[in-house]
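First comes the structure, then the notes that go with it.
Everything quoted here is computed from the prediction, not taken from an experiment.
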Amino acid sequence: MTGALRRITRLGRTEMLLLWRNRTAVVTAVLLPIGTVWFLASLNLDAGGLSAGAFAVTGLLGFVLLYVVYYNLVTTYVARREELVLKRLRTGEMTDAQILAGTAVPAVVVTLVQAVLAVVAGAALLDLAVPVNLPVLLVGLVGGIVLFVLLAVVSSTFTRNVEMAQISTMPVLVVCMIGSGLVLPLQSMPDLLADVAAFLPLTPVVELVRLGWLGTTTGADPTGFAGVFGPAVVPLLILLGWTALGVVGMRRWFRWEPRR
């Protein structure tokens with residue numbers, strides 16, 4: 001276990017250095033989620049009964065997963081595959097899982113840092129309460145990271161080169177932004193559409209984050225620590241289902257060599 005962590009950390013440190021040298025990737029990872037949330041907050045959209053600040057800040061974590069974890073990792077996996085980096089790494093002592101995990105380290109670190117900053121900023125600047133149920137919040141965040149790493153791995157399979165990543169990732173980005181409660185709350189959608197949107201991959205993550213932080217996903221009175229567990233069951237099961245599908249897709253379709 002110690003050796004595995006050391007190898008993952010070593011690869012992750014290299015990937016972090018490469019990320020820092022790529023100014024476009026840094027802007028995408030750090031500024032784009034914040035800028036998107038600021039823009040949406042300025043439009044005064046329906047927040048589904050939540051305060052505008054609570055809706056925007058909790059939604060920020062969803063945008064971080066889409067931009068930092070999903071989009072950046074699709075481009076990273078594709079670039080490393082086409083440059084034969086992944087193929088060379090497989091000839092060493094690292095396992096396939098360690099290679100994929102080590103490559104994802106920068107995205108995971110940036111996501112966790114932004115999550116901490118979001119909680120601090122929400123409490124300091126927007127008078128949001130401390131998380132009602134921190135374990136549920138962490139389950140939603142960590143589960144979301146794992147899921148969108150897996151989705152990035154699967155999406156990279158169908159992405160021929162880095163330039164095509166802007167197109168191949170578009171369906172997931174657009175559908176999740178519109179239908180997962182980041183731009184419009186599910187309560188404002190027609191019933192049938194809301195039922196479908198509840199099963200999108202990002203929706204259970206957003207619901208678990210809001211339940212864990214605010215104690216509610218709507219304008220209803222927040223519940224306490226114990227009261228959050230009941231409403232969290234369904235989103236958790238959906239999240240686990242998507243994660244299982246992601247694992248199956250990764251094992252079946254991921255490509256380690258360039259597409260020709």
Item to check | Qualifying residues under salt bridge (Lys or Arg N to Asp or Glu O under 4.0 Å), relative to Arg81, sequence neighbours excluded | outcome: none
Using distance only, find each side-chain donor-acceptor pair of residues 133-141 under 3.5 Å and give its atom names and separation, not counting sequence neighbours.
residue: Asn133; atom: OD1; partner: Val136; partner atom: N; Å: 3.2
residue: Asn133; atom: ND2; partner: Phe225; partner atom: O; Å: 2.8

Checklist entry - Charged N to carboxylate O under 4.0 angstrom, Arg160 versus Glu82? => result no
Item to check | Any residue meeting side-chain hydrogen bond (donor to acceptor under 3.5 Å, both in side chains) with Asp96, in chain and number order, not counting sequence neighbours | outcome: Arg90
Checklist outcome for this item: Residues joined to Val233 in its hydrophobic cluster, side chain to side chain under 4.5 Å directly or through other members, sorted by chain and number, are Leu237
Item to check | Cluster companions of Leu193 among Ile, Leu, Val, Met, Phe, Trp, Tyr (side-chain spacing under 4.5 Å) | outcome: Leu186, Met189
Next on the checklist: Quick check: do Thr223 and Val228 have side-chain heavy atoms less than 4.5 Å from each other?
Outcome noted: yes
Checklist outcome for this item: The reported gap from CZ in Phe158 to CD1 in Ile167 (rounded to nearest 0.5 angstrom) is 16.0 Å
Item to check | CZ/Arg88: more than 12 non-hydrogen atoms of other groups inside 6.0 Å | outcome: yes
Test side-chain contact (heavy atoms from CB on, under 4.5 Å) applied to [X] - qualifying residues, sequence neighbours left out:
| X | value |
| --- | --- |
| Asp195 | none |
| Thr243 | Val146, Leu147, Leu150, Leu239 |
| Leu61 | Ala115, Ala118, Val209 |
| Thr9 | Arg13 |

Item to check | Non-neighbouring partners of Phe199 that pass ring pair (Phe, Tyr, Trp, His ring centres under 6.0 Å), sequence neighbours left out | outcome: none
Item to check | ring pair (Phe, Tyr, Trp, His ring centres under 6.0 Å) against Trp20, all qualifying residues, sequence neighbours excluded | outcome: none
Can you give the donor-acceptor pairs under 3.5 Å from side chains of residues 107-114 to other protein atoms, not counting sequence neighbours?
residue: Thr111; atom: OG1; partner: Ala107; partner atom: O; Å: 2.7
residue: Gln114; atom: NE2; partner: Ala29; partner atom: O; Å: 2.8

